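Below is one structure; the comments refer to it alone.
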Amino acid sequence: EALLADIEEIETIHIFVCSFSAHADLLSQWRGYCPPGAGYSIGFSSDEIGALADRLFGFCFGKCTYDPLKQRKAVEELVDFHIRKKRAQRAGESAVKPSEHFIWSMFFREALAFMAPLLKHKAFEEEAEWRLVSRPLPHSSSMFCHRPGRSHIIPFAKLPLSDEGQPIRIRRVIVGPTPHPDLARDAVHSLLGASGDTGCAIERSKVPFRSW
């Protein structure tokens, strides 16, 4: 009953998500997320992104799970841990030892809201998605911002891609399907050169897709 009461408060929690894909050059991504003939795939080091987010902002960088059985097992383990934790507290016993991951030290409602964005429908499995997921952020957080959307104001969180003033390096850029691939590639090269980001691999998409 205590956990169910926690669940009812999930609607008051603000969780922010940034999505990445393990596939750098995927047809469905070009179709679904890019303007016709003007898309780019930007590659970062997953180790650098994960370490930065965890160290500076308390974000988690996790791989999405698409298998329903694995999803159910993950939720069951979370529920079981917090039930044992509640029982230990009521009995006055020593606290249940948490896992190394800080999700286990959260309140149940926060932990469940934190885990939920990593559980996706099997229909999206092709995207091989990884997500940066925030801990619950209050309105007073300096990261909490708003921007205009198509139908309403959209809350979002600013996550600087830099550590102590040093930006996370762009490792790879793939120029998406476009009628002007050489011009698009040269433009990326000049942009990165102007920002001092040299040594980045710039490639053309191998997907024979035309949207223009």
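Computed from a predicted model, the values in this text were never measured in an experiment. Residues take their numbers from the sequence shown, with the count starting at 1.
Shown here for Val175 and Pro181, the closest heavy-atom pair between the two residues is CG1-O, 4.5 Å. Nearest heavy atoms, His121 versus Tyr66: O-CD2, 3.4 Å. The nearest pair of heavy atoms linking Trp30 to Ser205 is NE1-OG, 3.5 Å. Considering every non-hydrogen atom in both Asp67 and Leu69, the closest pair reads OD1-N, 2.9 Å.
A continuous path of hydrophobic side-chain contacts links Val75 to Ile83 [ILVMFWY only; heavy atoms under 4.5 Å]. Hydrophobic cluster membership is shared by Ile7 and Leu119, with clusters built from Ile, Leu, Val, Met, Phe, Trp and Tyr side chains linked at under 4.5 angstrom. Two different hydrophobic clusters hold Leu191 and Ile202 under the rule that ILVMFWY side chains link at heavy-atom gaps under 4.5 Å.
The line from CD of Glu127 to OH of Tyr33 is 4.0 Å long, rounded to the nearest 0.5 Å. Annotation: the span from Arg72 atom CZ to Glu77 atom CD amounts to 12.5 Å, rounded to 0.5 Å. For the atom pair Phe44 CZ and Ile49 CD1, the distance stands at 5.5 Å (nearest 0.5 Å). Rounding to the nearest 0.5 Å gives a distance of 5.5 Å between NZ of Lys158 and CZ of Phe156.
Using modelled atom types, no side-chain atom of Ser41 and backbone atom of Ile174 make a donor-acceptor pair closer than 3.5 Å. A donor-acceptor pair under 3.5 Å is absent between the side-chain atoms of Ser211 and the main chain of Pro36, judged by distance alone. Under the 3.5 Å distance criterion, the side-chain polar atoms of Thr178 are matched with a main-chain donor or acceptor of Gly37.
The side-chain heavy atoms of Pro117 and Ile15, taken from C-beta on, include a pair separated by under 4.5 Å. Taking 4.5 Å as the limit, some side-chain heavy atom of Val188 sits within range of a side-chain heavy atom of Tyr40. A 4.5 Å side-chain heavy-atom check between Pro177 and Trp212 finds at least one atom pair inside the cut-off. Lys120 has its side chain out of reach of Thr65: every pair of non-hydrogen atoms, C-beta onward, lies at least 4.5 Å apart. Residues Leu78 and Phe108 form a side-chain contact, since some pair of their non-hydrogen atoms from C-beta on lies under 4.5 Å apart. Inter-residue side-chain proximity for Val207 and Leu26 is flagged as unmet; no heavy-atom pair is nearer than 4.5 Å. Taking the side chain as every heavy atom from C-beta outward, Arg169 and Ser45 never approach each other to under 4.5 Å. Ile13 places none of its side-chain heavy atoms less than 4.5 Å from the side chain of Phe114.
A salt bridge does not link Glu76 to Lys73: none of the charged nitrogens lies less than 4.0 Å from a carboxylate oxygen.
Atom NE2 of His189 has 12 or fewer heavy atoms from other residues, nucleotides or ligands within 6.0 Å.
Results of the side chain to side chain contact (heavy atoms under 4.5 Å, CB included) test with Leu132 over Leu52, Leu159, Val17 single out Leu159 as the only residue that passes.
Counting only residues at least two apart or on different chains, the salt bridge (Lys or Arg N to Asp or Glu O under 4.0 Å) pairs with a member in residues 198-212 are Arg172-Glu203, Asp182-Arg204. Residue pairs satisfying the salt bridge (Lys or Arg N to Asp or Glu O under 4.0 Å) criterion with at least one member in residues 183-196, sequence neighbours excluded, are absent.
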Inset, instruction - Might you work through the side chain to side chain donor-acceptor pair (under 3.5 Å) test for Ser21 and Glu129, ending with a clear yes or no? - result: CA-CA 4 Å; Ser21 174; Glu129 186 174 348; over 6 Å; no
Legend entry - Stepwise side chain to side chain contact (heavy atoms under 4.5 Å, CB included) check, Arg131 with Cys18: CA-CA 6 Å; Arg131 284 183 164 183; Cys18 182; over 6 Å; no
Legend entry - Candidate pair Phe59 and Arg135, rule side chain to side chain contact (heavy atoms under 4.5 Å, CB included), full reasoning: CA-CA 6 Å; Phe59 279 57; Arg135 296 193 73 167; over 6 Å; no
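Here Phe61 and Phe20 bring their ring centres to under 6.0 angstrom of each other.
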For residues 136-148, which side-chain N or O atoms pair as donor and acceptor with protein atoms under 3.5 Å away, sequence neighbours left out?
{"unit_1": "His139", "atom_1": "NE2", "unit_2": "His14", "atom_2": "NE2", "d": "3.0"}
{"unit_1": "Ser141", "atom_1": "OG", "unit_2": "Met143", "atom_2": "N", "d": "3.2"}

